[in-house]
Amino acid sequence: MKASGRNYSLVKYDKPEGNYMVLESLSQEKNNSRIIHIIRPSAQKDVFKLGRGHESDLRINDISVSRCHARIKLENGKFMLEDNNSKFGTLVLVK
């Protein structure tokens with residue numbers, strides 16, 4: 001996180017080389033363990049599927065999430081989130 005021109009680490013993890021994104025799964029229940037996902041595109045894989053389905057790269061076990069809910073991809077050095085016409089849409093909380 002960056003605030004007032006200063007970088008802060010919110011979670012400790014081994015930072016990979018190159019482009020990567022860190023995602024945190026938020027739970028509806030308090031005092032649950034957090035799940036951290038690190039997405040790191042490569043020449044072989046630059047699109048990641050999010051959803052409940054078994055074919056998803058990031059599986060989200062929540063009934064409000066579609067089987068094939070959304071995709072994250074790296075385009076021109078920027079991560080893009082694309083909703084897959086899911087019933088409830090896709091919300092992002094940026095910390």
Side-chain angles (χ1 to χ4, degrees):
M1 177 178 96
K2 190 172 189 175
S4 301
R6 229 174 133 192
N7 289 326
Y8 297 92
S9 294
L10 300 177
V11 178
K12 290 185 181 186
Y13 59 93
D14 294 330
K15 295 183 180 175
E17 295 290 322
N19 294 312
Y20 68 95
M21 175 185 273
V22 179
L23 302 171
E24 176 185 4
S25 293
L26 297 177
S27 175
Q28 299 293 334
E29 300 170 17
K30 292 184 179 181
N31 299 322
N32 260 351
S33 60
R34 299 183 307 181
I35 299 173
I36 304 296
H37 303 278
I38 299 177
I39 293 176
R40 185 171 159 239
S42 66
Q44 295 79 26
K45 184 159 189 72
D46 64 350
V47 176
F48 299 87
K49 295 184 268 182
L50 286 73
R52 276 183 316 154
H54 293 287
E55 69 282 351
S56 297
D57 299 306
L58 271 78
R59 291 196 57 208
I60 303 168
N61 189 19
D62 187 313
I63 195 67
S64 67
V65 175
S66 302
R67 286 186 187 93
C68 185
H69 195 91
R71 300 179 333 153
I72 295 177
K73 60 183 174 179
L74 184 66
E75 270 185 12
N76 302 320
K78 295 181 181 180
F79 285 99
M80 305 296 285
L81 174 66
E82 262 181 19
D83 184 78
N84 195 31
N85 296 320
S86 60
K87 184 175 181 180
F88 299 112
T90 301
L91 301 174
V92 177
L93 173 64
V94 178
K95 288 186 174 183

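Note that these values count all heavy atoms, side chains included, but never hydrogens, waters or copies made by symmetry. All values reported here derive from a predicted model rather than from experimental measurement.
Side-chain heavy atoms closer than 4.5 Å link hydrophobic residues (I, L, V, M, F, W, Y) into clusters, and following such links, even through other members, never connects Leu50 to Val47. The cluster map of Ile, Leu, Val, Met, Phe, Trp and Tyr, joined by side-chain heavy atoms under 4.5 Å apart, puts Phe48 and Met80 in different clusters.
Contact check for Cys68 versus Asn84: side-chain heavy atoms found under the 4.5 Å cut-off. Leu23 has its side chain within reach of Ile39: a pair of non-hydrogen atoms, C-beta onward, lies under 4.5 Å apart.
The minimum heavy-atom distance between Glu17 and Arg40, with the atom names listed, is O-NE, 3.5 Å. The heavy-atom pair separating Gly51 from Val65 by the smallest distance is CA-CG1, 3.8 Å. The two atoms that bring Ala70 and Thr90 nearest to each other are CB-OG1, 4.0 Å, heavy atoms only.
Remark: Ser66 pairs with His69, Ser86 by the side chain to side chain contact (heavy atoms under 4.5 Å, CB included) rule, at least two apart or across chains. Scored by the side chain to side chain contact (heavy atoms under 4.5 Å, CB included) test, Phe88 finds Ser64 as partners (sequence neighbours excluded). Take Arg67 and apply the side-chain hydrogen bond (donor to acceptor under 3.5 Å, both in side chains) test, not counting sequence neighbours, and it matches no residue. Residues satisfying the side-chain hydrogen bond (donor to acceptor under 3.5 Å, both in side chains) test with Ser42, not counting sequence neighbours, are Gln44.
Atom CE of Met21 has more than 12 neighbouring heavy atoms from other residues, nucleotides or ligands inside a 6.0 Å radius.
Every pair passing salt bridge (Lys or Arg N to Asp or Glu O under 4.0 Å) that includes a residue from residues 41-51 is listed here, sequence neighbours excluded: Lys45-Asp57.
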Only pairs under 3.5 Å count here: list side-chain donor-acceptor contacts from residues 72-79, not counting sequence neighbours, and write none if there are none.
from, atom 1, to, atom 2, distance (Å)
Lys73, NZ, Glu75, OE2, 3.0
Lys73, NZ, Glu82, OE2, 2.9

